[in-house]
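Heads up, the thing below is written out as structure tokens.
Being a predicted model, the structure only gives us computed values, none of them experimental. Just so it is clear: chains get the letters A, B, ... in the order the sequence lines come, proteins before strands, and each one is counted from 1.
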There are 2 protein chains.
Amino acid sequence: MAAHKTKVTIFDVAKASGVSSSAVSYALNGKPGVSDATRAKVLKVARELGWKPNGAAQALAQSKTRRIGLVLGYDPQLLAVEPYMMSLISGLGAELEKQDYSLLVRLSMDGDEEEGIIQDWIATGNVDALLLLNLEIGDPRIDLMKHNPQMPTLALADASLTAGLPTLTSDDAGAVGIAVQYLYDLGHRRIARVAGPEELGHSYIRDAAFSQITTELGMRYRCLHTDYTPEAGADATKRLLSVSSAPTAIIYDNDVMALAGESQAAVLGVKVPDELSIMSWDDSFMCEAAHPGITALHRDIVGSGRMAAQLMLKLINGEEVGVEEESPYALKERESTAPAPKG
Amino acid sequence: MAAHKTKVTIFDVAKASGVSSSAVSYALNGKPGVSDATRAKVLKVARELGWKPNGAAQALAQSKTRRIGLVLGYDPQLLAVEPYMMSLISGLGAELEKQDYSLLVRLSMDGDEEEGIIQDWIATGNVDALLLLNLEIGDPRIDLMKHNPQMPTLALADASLTAGLPTLTSDDAGAVGIAVQYLYDLGHRRIARVAGPEELGHSYIRDAAFSQITTELGMRYRCLHTDYTPEAGADATKRLLSVSSAPTAIIYDNDVMALAGESQAAVLGVKVPDELSIMSWDDSFMCEAAHPGITALHRDIVGSGRMAAQLMLKLINGEEVGVEEESPYALKERESTAPAPKG
DNA sequence: TTGTAGGCGTTATCAA
DNA sequence: TTGATAACGCCTACAA
């Protein structure tokens with residue numbers, strides 16, 4: 001309650017309750033080796049004094065920080081543009097909170113600085129585990145972690161990219177199937193995709209799946225790679241719609257681009273969904289708030305965050321983790337998709 | 001380069017370079033008390049061995065964690081819905097990165113749990129400073145920090161709410177003036193506002209300013225408080241437009257609600273901007289991507305994050321910080337606002 | 001059941 | 001300029 005000028009240590013608690021520091025330690029960590037009476041007393045005194053173990057001392061003594069590392073790529077524009085990261089953090093944080101773990105966040109200011117941050121964490125022991133995001137093909141981080149198996153690491157990526165590292169994977173190829181089949185069933189035969197950066201692992205996975213499935217179904221398919229920004233989404237849309245025999249449906253890799261694309265269509269006088277169907281890969285409030293509402297591949301990102309946290313805690317605990325799968329995508333139908341126009 | 005099975009400590013470096021551990025410590029921290037020759041040698045050896053100071057040990061020895069605490073309110077919906085928090089984190093992280101500080105993030109699962117987290121940080125010493133966000137009127141956190149002046153704390157809120165704590169404030173009242181005057185000049189005389197939760201400090205500040213300025217200008221003004229979600233934004237819009245002599249302009253407290261409101265207007269057959277002007281308080285890609293683009297009060301959130309980080313580093317450094325001001329709002333005109341309709 | 005003592009890896013003090 | 005040595009605060013054998 002009152003402000004404690006000087007930090008209260010385990011010795012203060014020991015003195016105040018008339019026992020030794022070790023008795024206090026035992027009592028507070030719920031370990032055997034101390035009588036119920038003293039334990040109760042110690043707990044009471046500790047509470048009264050407002051004692052909590054000093055984090056650094058505790059970390060030093062048991063080589064455990066109760067922290068999990070997360071590196072965000074620095075691009076405020078991109079980071080803020082997508083609800084994805086914040087949702088993931090919510091899920092991670094919520095689950096970690098239960099076990100009194102926190103999230104240690106750093107920004108990598110340019111591409112490969114992230115490797116340096118990870119090496120720093122390995123050497124300084126500032127985190128107990130870490131999460132790898134946005135893997136690229138042949139990502140150097142995979143190699144780095146392979147060489148440092150003592151650092152529990154979970155990759156959030158398609159299992160084909162993680163070289164056997166503990167992985168939380170999603171069925172992106174399956175989702176491609178759902179989306180394409182849905183459009184096919186609506187009669188669309190010429191579809192396009194406005195994708196994210198080509199070098200990103202999940203772009204690659206989706207690229208491959210789209211090519212394969214559209215070929216199997218005998219559809220025309222075109223793909224433009226962008227940097228995920230709304231400007232790029234609008235621009236790609238314009239280009240796709242400017243040719244003769246333009247696509248009758250466009251799938252966007254994220255919802256910001258889908259929103260920008262929908263606006264662009266309006267500007268061009270192309271009616272959604274009558275003349276053009278629009279779909280978004282991730283689903284969020286934007287798809288809901290847009291007009292017309294945007295049909296999307298929905299997934300539970302917060303849930304993925306929770307799962308990722310649980311898996312990392314398992315790893316820290318020494319348990320084996322192989323490849324786990326996220327909860328699957330589900331198609332959320334809204335007003336932006338309709339049967340393909342005749343002709 | 002290679003994987004180091006065992007952690008390398010300062011003693012390993014000392015042994016390998018043939019000096020004592022204290023010499024190593026001096027050399028690596030750039031302190032005097034060691035010859036240039038040995039310093040160079042030690043640095044070389046340390047690099048070769050891949051040595052970095054153990055974080056916990058360092059923190060324990062110098063009572064400095066190089067971490068800054070941030071508590072996020074757990075509501076994945078709300079958190080993800082607004083680009084604000086992620087932008088702020090980008091700014092904070094970018095600036096902290098320069099000084100080798102990191103961000104320690106925890107989620108408060110229900111309202112006043114945040115106090116507990118802060119108390120934990122105070123007692124465990126797990127952060128060197130912390131940032132208070134989303135203050136409410138009479139927020140208990142202010143009191144808490146007043147009683148624990150040893151913990152450097154910066155409040156990101158209107159200075160009138162922070163009881164003299166170091167504060168990074170924004171000129172929300174001024175922004176209200178800009179927005180209202182802008183609409184007034186366009187001929188609007190009946191305006192409405194779709195605001196955030198009433199108990200939030202900045203809602204309160206804006207409420208007061210809106211009331212005052214609209215009264216001064218002799219405008220009709222109505223305000224609905226919501227929970228910031230797109231659903232609430234749409235709903236409020238519907239209610240505002242359903243009465244006779246509906247407002248000719250609506251200002252939303254965030255851009256998600258503005259987007260949802262714009263969609264709702266379309267659904268109701270109300271033309272934006274011909275029959276209804278729409279403005280958003282914060283500006284983001286959503287205002288840009290929307291159709292028509294939404295006029296907004298723009299501010300540099302990433303810049304605020306950077307400033308906040310700098311101020312906290314100052315506080316940690318023992319420097320005085322009073323009340324600093326964010327870079328001001330600027331009106332960003334887009335297509336969603338126009339002269340008020342006749343009648 | 002309890003207390004003593006050593007270790008975790010740094011930093012910092014103080015003789016040498 | 002150096003090298004022991006004592007904090008820092010906690011955990012945990014080990015001894016009493």
Side-chain angles (χ1 to χ4, degrees), chain A residues 4 6-43 45-46 49-66 100 120-128 150, chain B residues 4 6-43 45-46 49-67 100 120-126 128 150:
Chain A
H4 301 283
T6 59
K7 324 184 184 185
V8 22
T9 80
I10 206 172
F11 289 98
D12 299 322
V13 179
K15 202 173 297 169
S17 36
V19 295
S20 76
S21 68
S22 55
V24 174
S25 179
Y26 287 137
L28 287 150
N29 295 330
K31 299 211 170 175
V34 70
S35 70
D36 287 352
T38 29
R39 162 163 293 142
K41 177 173 219 166
V42 167
L43 286 172
V45 172
L49 266 53
W51 178 87
K52 293 237 186 174
N54 173 284
Q58 204 171 37
L60 181 58
Q62 43 186 36
S63 312
K64 284 289 170 222
T65 62
R66 303 194 83 80
D100 269 301
D120 182 84
W121 277 340
I122 293 172
T124 61
N126 271 329
V127 299
D128 291 346
Q150 77 282 13
Chain B
H4 301 284
T6 59
K7 324 183 184 186
V8 23
T9 79
I10 206 171
F11 290 98
D12 300 322
V13 178
K15 201 172 298 168
S17 34
V19 295
S20 76
S21 69
S22 51
V24 173
S25 181
Y26 286 136
L28 287 151
N29 294 331
K31 299 210 171 175
V34 70
S35 71
D36 286 352
T38 31
R39 162 164 294 142
K41 176 173 218 167
V42 167
L43 287 173
V45 172
L49 265 53
W51 177 88
K52 294 237 187 173
N54 174 286
Q58 203 170 35
L60 181 58
Q62 43 184 40
S63 309
K64 285 285 170 227
T65 62
R66 304 196 83 79
R67 262 172 264 137
D100 268 303
D120 181 85
W121 277 340
I122 293 172
T124 61
N126 271 330
D128 291 346
Q150 78 282 13

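Residues meeting the side chain to side chain contact (heavy atoms under 4.5 Å, CB included) test with B:Ala61, sequence neighbours left out: none. Here B:Lys64 pairs with B:Gln62, B:Asp128, B:Ile316 under the side chain to side chain contact (heavy atoms under 4.5 Å, CB included) rule; sequence neighbours left out. Under the rule for a side-chain hydrogen bond (donor to acceptor under 3.5 Å, both in side chains), B:Ser17 has no partner lying at least two apart in sequence or in another chain. The side-chain hydrogen bond (donor to acceptor under 3.5 Å, both in side chains) test applied to B:Ser21 returns no partner, not counting sequence neighbours. Legend: residues meeting side-chain hydrogen bond (donor to acceptor under 3.5 Å, both in side chains) with A:Thr9, ordered by chain and number and at least two apart, are absent. For B:Arg39, the side chain to side chain contact (heavy atoms under 4.5 Å, CB included) partners are B:Ala27, B:Val34, B:Asp36, B:Leu43, not counting sequence neighbours. Residues that satisfy the salt bridge (charged side-chain N to carboxylate O under 4.0 Å, His left out) test with A:Asp120, not counting sequence neighbours, are A:Arg106, B:Lys52. Applying the side chain to side chain contact (heavy atoms under 4.5 Å, CB included) test to B:Ser35 and every residue at least two apart in sequence or in another chain returns B:Ala37, B:Thr38. Under the side-chain hydrogen bond (donor to acceptor under 3.5 Å, both in side chains) criterion, B:Ser20 pairs with B:Ser22, not counting sequence neighbours.
In this structure, A:Ile10 reaches the sugar-phosphate backbone alone: every heavy-atom distance under 4.0 Å involves primed, P, OP1 or OP2 atoms, never a base. Residue contacts shown for A:Ser63 are absent, as no nucleic acid heavy atom lies under 4.0 Å away.
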Using atom names, set out every protein N or O paired with an N or O of nucleotides 12-16 of chain C below 3.5 Å, distance rounded to 0.1 Å.
from: C:dA12; atom 1: OP2; to: B:Lys31; atom 2: NZ; distance (Å): 2.9
from: C:dT13; atom 1: O4; to: B:Tyr26; atom 2: OH; distance (Å): 3.4

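The footprint of chain A on DNA chain D, defined by a heavy-atom cutoff below 4.0 Å, extends from D:dG9 to D:dA13.
Atoms CG and CD1, on B:Leu49 and B:Ile10 in that order, are 12.5 Å from each other to the nearest 0.5 Å.
Two residues, A:Phe11 and B:Val19, neighbour DNA chain D, and the one matched to the more 5' nucleotide by heavy-atom proximity is B:Val19.
Axis orientation changes by 50° from one end of the helix from C:dT1-D:dA16 to C:dA16-D:dT1 to the other, with each end axis drawn from 5 pairs and the value rounded to 10°.
Counting only heavy atoms from C-beta outward, the side chains of B:Val24 and B:Trp51 never approach each other to under 4.5 Å.
Regarding B:Lys52, its NZ atom lies at a distance of 19 Å from the C1' atom of C:dT11, rounded to whole Å. Distance, B:Leu28 CG to C:dT10 C1': 11 Å, rounded to whole Å.
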